[in-house]
*Asks:* 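Please see the structure below; I have some questions.
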Amino acid sequence: MSAYSKIENKWRKLWLKAGVYEPDLKKAKKPFYNLMMFPYPSAEGLHIGSVRTFTGVDIYGRFKRMQGNDVFEPIGLDGFGINSENFALKIGVHPSRQAKISEKNFYRQLEMIGNSFAWREKLETYEPEYYKWTQWVFVQMFKKGLAYRKRSPVNWCPSCRTVLADEQVISGECERCSAKIEKKDLEQWFFKITNYAERLLAGLDKINWTESVKTTQKNWIGRSEGYSLKFPLIGIPGEEDRKHSIDIFTTRPDTLFGVTFIVISPELAKRWINDGWQVSGDVKKYIAHALSLRGNIKRGEEEKSGVFPGIHAINPANQEKIPVWISDYVLDAYGTGAVMAVPAHDSRDFEFAKKFNLTIREVISPDGRDHDLRAAYTDPGVLINSAKFNGTNSEKAKIEITKFAGGDRKINYRLRDWLISRQRYWGPPIPMIFCDFCHKSGKGERKEMPGWHSVPEKNLPVKLPFIKDYRPQGTGESPLAKERKFSKARCPMCKNWARRETDVSDTFLDSTWYFFRYLDTKNKNKPFDKQSAKKWLPVNMYIGGAEHSVLHLLYSRFITKAFFDWKIINFDEPFKKFRAHGLIIKDGAKMSKSKGNIVNPDGYFKDFGADVMRIYLAFMAPLEQGGDFRDQGISGIDRFLVRVGKLKAKLAKTSKEGLSENSEKLLHKSIKKIGEDIENLHYNTAISQLMILLSELEKLASLPWHSYDIFLKLLAPFAPYLSEELWQEFSAKGGPASGWKKQNSIHLEPWPKFDPKKIKDERFKLIIQVNGKVRAVLDATIGISEKAALEMAMEDESVKKYISSLAGSPKKTIFVPDKLLNLVI
RNA sequence: GGGCGAGUGGCGGAAUGGUAUACGCGCACGACUUAAAAUCGUGUGCCGAAAGGCUUGAGGGUUCGAGUCCCUCCUCGCCCACCA
C-alpha cells in the first residue's frame with residue numbers, strides 16, 4: 001500500500017459523487033471533446049503502455065478543463081470481436097460471461113489510474129443497447145446502397161475460421177493469430193468504401209493529424225494516375241462474340257511499343273472459363289494451383305510461374321500479334337486483373353520473359369542507343385524502336401501514345417471495399433433477412449438485390465442469442481446458422497417464412513461510431529442526439545495507436561462522411577486533431593501474452609500510488625515517443641512528491657508576502673513553459689520545469705501564498721490526488737471534506753496566467769566567440785549595442801589571449817542582439 | 001523492394017541555426033547516525049596533473065557558427081509489399 005491510497009480513495013469517491021468530471025452535455029458553453037481510443041478488454045487487463053497513454057490523454061484533458069473548457073473525457077469498452085472470443089475459447093468460458101469478468105477488471109484499473117472520466121456515459125459495444133445502433137448503421141448503409149453482397153475471392157483465416165478484411169491481413173497473415181491467409185470464393189457483405197476514396201484522400205488535407213498516419217492512409221488508398229488501354233483479343237474459342245478486347249491499366253503508356261505479351265490473373269482466367277472459355281487440362285491445373293497458393297506466397301522469393309493458354313492479343317500501337325499468358329504475379333484485385341507486359345522496362349515482366357523466353361524489346365533508352373539489357377530499365381529516357389515516336393522524351397510520350405492507341409486517362413485506387421461479414425459468434429448479428437419468395441419474384445428493398453430485406457428499425461436489436469457451442473464452424477457459416485430458432489424469421493415484406501443472415505459484423509464496425517454514442521448513451525430512440533453531435537463534434541483531440549491508421553481511423557472517417565451525406569451531421573471529418581502515442585515495449589519487444597513480457601500496472605500503482613505512476617510514465621519521454629519500459633527512476637518521482645508535501649510547512653504567516661524578483665520571474669516563466677509543453681504533449685519537460693520550480697520554492701525561508709497556490713495548480717493535471725488534497729488544506733474555500741462541493745475542486749480552478757512583463761530579463765549572458773568557438777560568457781544588459789559589446793569583449797582577458805595567439809585583429813564581427821558576438825579573425 | 005521515423009553521457013532523455021549533455025535515475029565523496037536506511041550537500045561526457053584539447057552513428061557540404069539545414073552511407077524501429 002502506498003502512502004497515498006487513503007487520499008486517493010477519498011477523492012475518487014468525492015469527485016464521482018459531485019460529478020466533477022461530468023460536463024453538461026446539453027448546455028456546456030465551451031465544449032471540448034477529449035477522446036482516447038477505447039480499449040478492447042483483453043483478459044490480461046491494461047498493460048503499462050495503455051496506462052501511459054490513458055494518463056497522458058488525461059493530463060491534456062485536465063489542462064484543457066482548467067483553461068475553462070467543458071471537457072468531456074468518456075470511456076468504454078470495445079468488447080465484441082474475434083480477439084475476445086478467441087480468448088474465451090481458449091479458457092473455456094463463454095464470451096458473454098468472460099466479458100463481464102474483463103469488464104469488472106478493466107473498470108477497476110481505469111478507476112485506479114486517476115483519470116477524469118465521465119463515468120456516467122460509459123458504454124460497452126457488446127451491450128444490446130449499443131449494438132442495436134451498430135445494426136442500425138448497417139441498415140442505413142444497406143438502404144443508401146453502400147452495403148452490398150458479392151461473391152468473390154476473400155481472405156479466409158483457417159485458424160479463426162472466418163473471412164477478414166484486407167486491412168486485417170498483414171503480409172499474407174491473419175492480424176490476430178498470424179495464420180497464413182487462404183483465398184476462398186464466398187458470398188459476403190461489403191461496404192462501398194471505395195466510393196469515398198477520393199474524399200477520404202482529399203479530407204486528409206484539412207485535418208491536423210500526425211503526418212505519418214496521414215501518409216499511411218494515403219498509401220493505403222493508393223491513388224495512381226495512369227491510363228487505360230484496350231488490346232483486341234483473338235482466338236478465344238467460343239468467345240469471339242463477346243470478348244473482343246481486354247482492358248489494362250498502366251502508368252507507362254510510353255513503353256507501349258515494348259509490349260511483347262499480356263498477362264492475366266488466374267482469377268480473371270477462371271471467370272472467363274466460367275463464361276465458357278475452353279482451355280486444356282494443364283491450364284486448368286495451373287489456375288487451380290495458383291489460386292490455392294494465393295495469400296500463401298513468400299514475397300519476393302518465389303520464382304515466376306505461368307502458363308500460355310494459346311490465345312493472342314493485338315498491340316494497338318504496332319498491330320503486332322502478342323501472346324496472352326496467365327500468371328499469379330498479376331493481382332486480380334488491382335486495376336483490371338490484366339497487365340500489358342513490358343519486359344525491357346519492368347522488373348517483374350523482365351523476370352517472366354527470361355523464364356519463358358519471351359521477346360524483350362527496349363523502347364526507352366537513357367542515351368538514345370540500344371543496349372544489351374541485363375535488367376529492366378525503369379527510369380525515364382528517350383523513345384527508341386517506337387516508330388514515329390522515336391526520339392521523344394518518355395514523359396511527353398505518355399499522353400501522345402495513349403491518344404495514338406485510342407486509350408484514356410484513368411485513375412486507379414488500391415483501396416478495396418470493406419468486407420463486413422464474419423463467420424463468428426461474438427459480434428452483432430448482421431440485421432438482414434433473405435426471403436426466397438421475394439427473391440423468386442424479383443422483389444426486395446433494393447432492386448439490384450432481390451430477396452434481401454433489412455430488419456425494420458422497430459425490431460432492432462437483433463439480439464445475439466446465447467448459444468452453448470459458439471465455436472467457429474469452418475464451413476463458411478457462422479455457428480449461429482445452426483440455431484434454427486434464430487435463423488428462422490418472417491419476411492418483413494411478404495410475411496412468409498424467410499432466413500435470417502447468420503454472420504455477424506466485423507468488430508471494426510462497432511468502433512467506427514462509438515464517439516457519437518458517448519454523447520447520448522441512454523437514448524432509446526436514436527443512435528445519438530443531433531444537437532449534441534453538433535455541439536461536441538468533431539472530436540477536438542483524439543489520441544491512440546498508429547496501428548489503427550488503416551483500420552479504425554479510416555473506417556471512422558468513412559462512416560462520418562456517410563453520415564454527412566445522409567444529413568444527420570454537419571461535418572465530414574470525425575477527428576479534428578489526432579496524435580499517435582508512442583509504443584511502450586519491454587525488453588526490445590512488443591508486449592504480448594505469448595512473449596510473456598506484459599507489464600501489469602497494478603503492483604506499481606499499489607506500491608507507489610497513482611500520482612507517482614502518472615508522473616513517472618509522463619516523465620519517461622514525450623507522449624508521442626515510445627520506448628522500452630524500465631522502472632528505474634520511480635524513486636525520483638516519489639521523492640519529488642514527498643518534497644511537494646513538505647512545502648506547506650514553509651507557508652508564510654500572512655497572504656501579504658511576495659516573492660523576490662528573480663523567484664517571481666521563474667514562477668512566471670514556469671507557467672508559460674508548462675502550459676506550452678502540455679499543449680505539445682511534452683510532459684517530460686513540463687515536469688522537469690516543475691522540479692526546477694520546486695527547488696526554487698524550497699530555498700525560501702517563507703513561502704508566499706500565491707506561489708504555493710500556483711504551484712499546486714501547475715501540478716494538478718499530473719498529480720490530481722495530491723494536488724487536490726494539499727489545495728483543500730491550503731484553500732480557505734475548502735472546509736471539511738464532508739461538506740465538499742464540486743466548486744471546491746482544484747481541477748475546476750482556472751489555469752494560472754503568466755505576466756509577460758514579469759518574464760522579461762534585464763540582463764543576459766553575452767556569448768563571445770572567436771572564430772565560432774566560445775571563449776567567454778559575459779554578463780550584459782539587454783539591448784546592448786554591438787559597439788559596446790565589442791568593447792566589453794576586447795577587454796576580456798581570455799578573449800585578448802585568443803586574439804593575440806591568432807596574431808590578428810577581428811576582420812569581421814557577427815552580432816546577434818542579446819545573444820552573442822562572434823569575432824572572425 | 002517502397003514509404004515514414006530515429007541514432008546525443010553508464011541509463012531515460014533536454015536543446016527557436018547561437019554556452020551540447022536541462023531534469024531525473026545511477027554512481028562517488030561528504031554531513032547527520034553507535035550503525036544502516038531515509039534525508040541533506042558537493043561532484044559526475046571523454047582525454048589530460050594542469051593549461052588545454054576532443055565530443056551528438058560515419059563521411060562530405062552550406063554557414064561567421066550545425067545535434068539541428070542539404071547530400072552520400074551505416075544501424076535500428078514501425079508500416080506496406082509482385083499495386084503494373
Side-chain angles (χ1 to χ4, degrees), chain A residues 170-172 210-220 222-224 226-227 248-252 255 263 265 297 299-302 304 327-342 345-349 351-352 378 412-416 545-547 549-550 580 582-583 585 588 590 615-616 619-622 624-637 639-640 642-643 646 682 684-692 694-695 698 765-777 801 810-816 818-825:
Chain A
I170 310 294
S171 305
T210 302
E211 226 25 68
S212 62
V213 171
K214 283 204 211 178
T215 310
T216 306
Q217 288 211 354
K218 252 177 222 165
N219 292 342
W220 188 262
R223 185 181 200 270
S224 170
Y227 306 82
I248 61 94
F249 173 77
T250 181
T251 55
R252 294 296 304 272
T255 63
V263 191
S265 69
I297 3 164
R299 283 151 306 282
E301 286 171 26
E302 78 292 354
K304 291 274 181 293
S327 171
D328 64 0
Y329 84 90
V330 173
L331 299 175
D332 188 56
Y334 187 77
T336 61
V339 301
M340 61 176 222
V342 191
H345 305 293
D346 180 283
S347 48
R348 294 152 301 182
D349 300 342
E351 257 179 68
F352 194 81
T378 54
N412 220 346
Y413 298 92
R414 200 196 104 112
L415 181 71
R416 275 169 258 160
E547 71 274 16
S549 301
V550 295
L583 187 69
I585 56 173
K590 226 172 171 171
I615 297 177
Y616 178 69
F619 189 57
M620 274 173 59
E624 293 181 71
Q625 194 180 311
D628 216 297
F629 179 78
R630 281 191 198 88
D631 53 17
Q632 264 183 2
I634 302 181
S635 57
I637 305 300
R639 269 174 224 156
F640 168 66
V642 169
R643 282 162 58 198
K646 285 181 183 162
H682 289 175
N684 54 337
T685 48
I687 292 162
S688 140
Q689 190 64 30
L690 277 170
M691 289 169 170
I692 292 167
L694 174 66
S695 298
E698 274 176 332
K765 298 222 162 114
L766 175 66
I767 294 148
I768 309 295
Q769 296 182 332
V770 178
N771 283 351
K773 286 201 189 270
V774 180
R775 294 306 178 191
V777 179
K801 202 172 87 187
K811 269 188 236 140
K812 188 176 167 189
T813 56
I814 311 288
F815 181 64
V816 183
D818 301 339
K819 206 150 253 170
L820 73 79
L821 181 71
N822 188 7
L823 307 172
V824 186
I825 295 173

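Chain A is the first sequence line, chain B the second, and so forth, proteins listed ahead of strands; every chain is numbered from 1.
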*Asks:* When the P atoms of rG65(B) and rC54(B) are compared, how many Å lie between them, rounded to an integer?
*Replies:* 15 Å

*Asks:* Would you mind telling me which of rA84(B), rC4(B), rG18(B) lies closest to the side-chain atoms of S212(A)?
*Replies:* rC4(B)

*Asks:* Over all strands shown, is Q625(A) touching base, sugar-phosphate only, or nothing at heavy-atom distances under 4.0 angstrom?
*Replies:* sugar-phosphate

*Asks:* Roughly how many Å is it from CZ in R414(A) to C1' in rG3(B), rounded to a whole number?
*Replies:* 12 Å

*Asks:* For rA66(B) and rC71(B), measure between their C1' atoms and round to the nearest Å.
*Replies:*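 It works out to 15 Å between them.
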
*Asks:* Using heavy-atom distances to pick each residue's nearest nucleotide on RNA chain B, tell me which of S688(A) and W220(A) is more 5'.
*Replies:*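 Nearest nucleotide further toward 5': that of S688(A).
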
*Asks:* Could you check how far CG of N822(A) sits from C1' of rU19(B), rounded to whole Å?
*Replies:*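 Computing the N822(A):CG to rU19(B):C1' distance gives 13 Å.
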
*Asks:* For R639(A) and rC40(B), is the shortest distance between a side-chain N/O and OP1 or OP2 below 4.0 Å?
*Replies:* no

*Asks:* Judged by each residue's nearest nucleotide on RNA chain B, which is more toward the 5′ side, A333(A) or T216(A)?
*Replies:* T216(A)

*Asks:* Is the distance from OP1 or OP2 of rU19(B) to the nearest side-chain N or O of K765(A) less than 4.0 Å?
*Replies:*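 Negative; the distance criterion is not met.
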
*Asks:* Can you figure out which of rA15(B), rG24(B), rA84(B) approaches the side chain of F619(A) most closely?
*Replies:* rG24(B)

*Asks:* Kindly say if N684(A) contacts the phosphate of rG24(B), meaning a side-chain N or O under 4.0 Å from OP1 or OP2.
*Replies:* no

*Asks:* Base, sugar-phosphate, or nothing: which does I767(A) touch, judged by heavy atoms less than 4.0 Å apart?
*Replies:*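 The residue I767(A) makes base contact.
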
*Asks:* Grab the CD-C1' distance between E547(A) and rC79(B) for me, whole Å please.
*Replies:* 11 Å

*Asks:* Taking the side chain of P622(A) as heavy atoms from C-beta outward, which of rA14(B), rG3(B), rG12(B) is closest to it?
*Replies:* rA14(B)

*Asks:* Do V339(A) and I248(A) have side chains that approach each other closer than 4.5 Å (heavy atoms only, starting at C-beta)?
*Replies:*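 No - every pair of side-chain heavy atoms lies 4.5 Å or more apart.
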
*Asks:* Using only side-chain N and O atoms of R630(A), determine if any of them is under 4.0 Å from OP1 or OP2 of rC11(B).
*Replies:* no

*Asks:* So what does V774(A) hit on the nucleic acid, given a heavy-atom distance under 4.0 Å: a base, only sugar-phosphate, or nothing?
*Replies:* sugar-phosphate

*Asks:* Could you check how far CG of L331(A) sits from P of rA84(B), rounded to whole Å?
*Replies:*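 Answer to the nearest Å: 10 Å.
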
*Asks:* Where is the tightest heavy-atom contact between N684(A) and P622(A), given as atom of each residue plus distance?
*Replies:* ND2-CD, 3.5 Å

*Asks:* List the atom of M691(A), the atom of R643(A), and the distance in Å for their closest heavy-atom pair.
*Replies:* O-NH2, 4.5 Å

*Asks:* Taking the C1' atom of each, how far is rG12(B) from rC27(B), in whole Å?
*Replies:* 16 Å

*Asks:* Just checking R775(A): base, sugar-phosphate only, or nothing, at a heavy-atom cut-off of under 4.0 Å?
*Replies:* sugar-phosphate

*Asks:* Check the orientation of Y616(A) and F629(A). Use parallel for under 30°, tilted for 30 to 60°, and perpendicular for over 60°.
*Replies:*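 Aromatic pair Y616(A)/F629(A) classed perpendicular.
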
*Asks:* Just how far, in rounded Å, is P of rG26(B) from CD1 of I634(A)?
*Replies:* 11 Å

*Asks:* Under a 3.5 Å cut-off on both pairing distances, which runs of 3 or more consecutive Watson-Crick or G-U pairs involve RNA chain B?
*Replies:*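 In RNA chain B, stems of three or more pairs: B:1-7 with B:74-80, B:10-12 with B:23-25, B:26-31 with B:39-44, B:45-47 with B:52-54, B:57-61 with B:69-73.
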
*Asks:* Applying a 4.0 Å non-hydrogen cut-off, can you work out what G626(A) is touching in the nucleic acid: base, sugar-phosphate, or nothing?
*Replies:*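 Answer is sugar-phosphate: G626(A) comes under 4.0 Å of backbone atoms only.
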
*Asks:* For rG5(B), does the O4'-C1'-N9-C4 (purine) or O4'-C1'-N1-C2 (pyrimidine) torsion place it in syn, i.e. within 90° of 0, or in anti?
*Replies:* anti

*Asks:* Would you mind reading off the distance between I687(A) atom CD1 and rG13(B) atom C1', rounded to a whole angstrom?
*Replies:* 12 Å

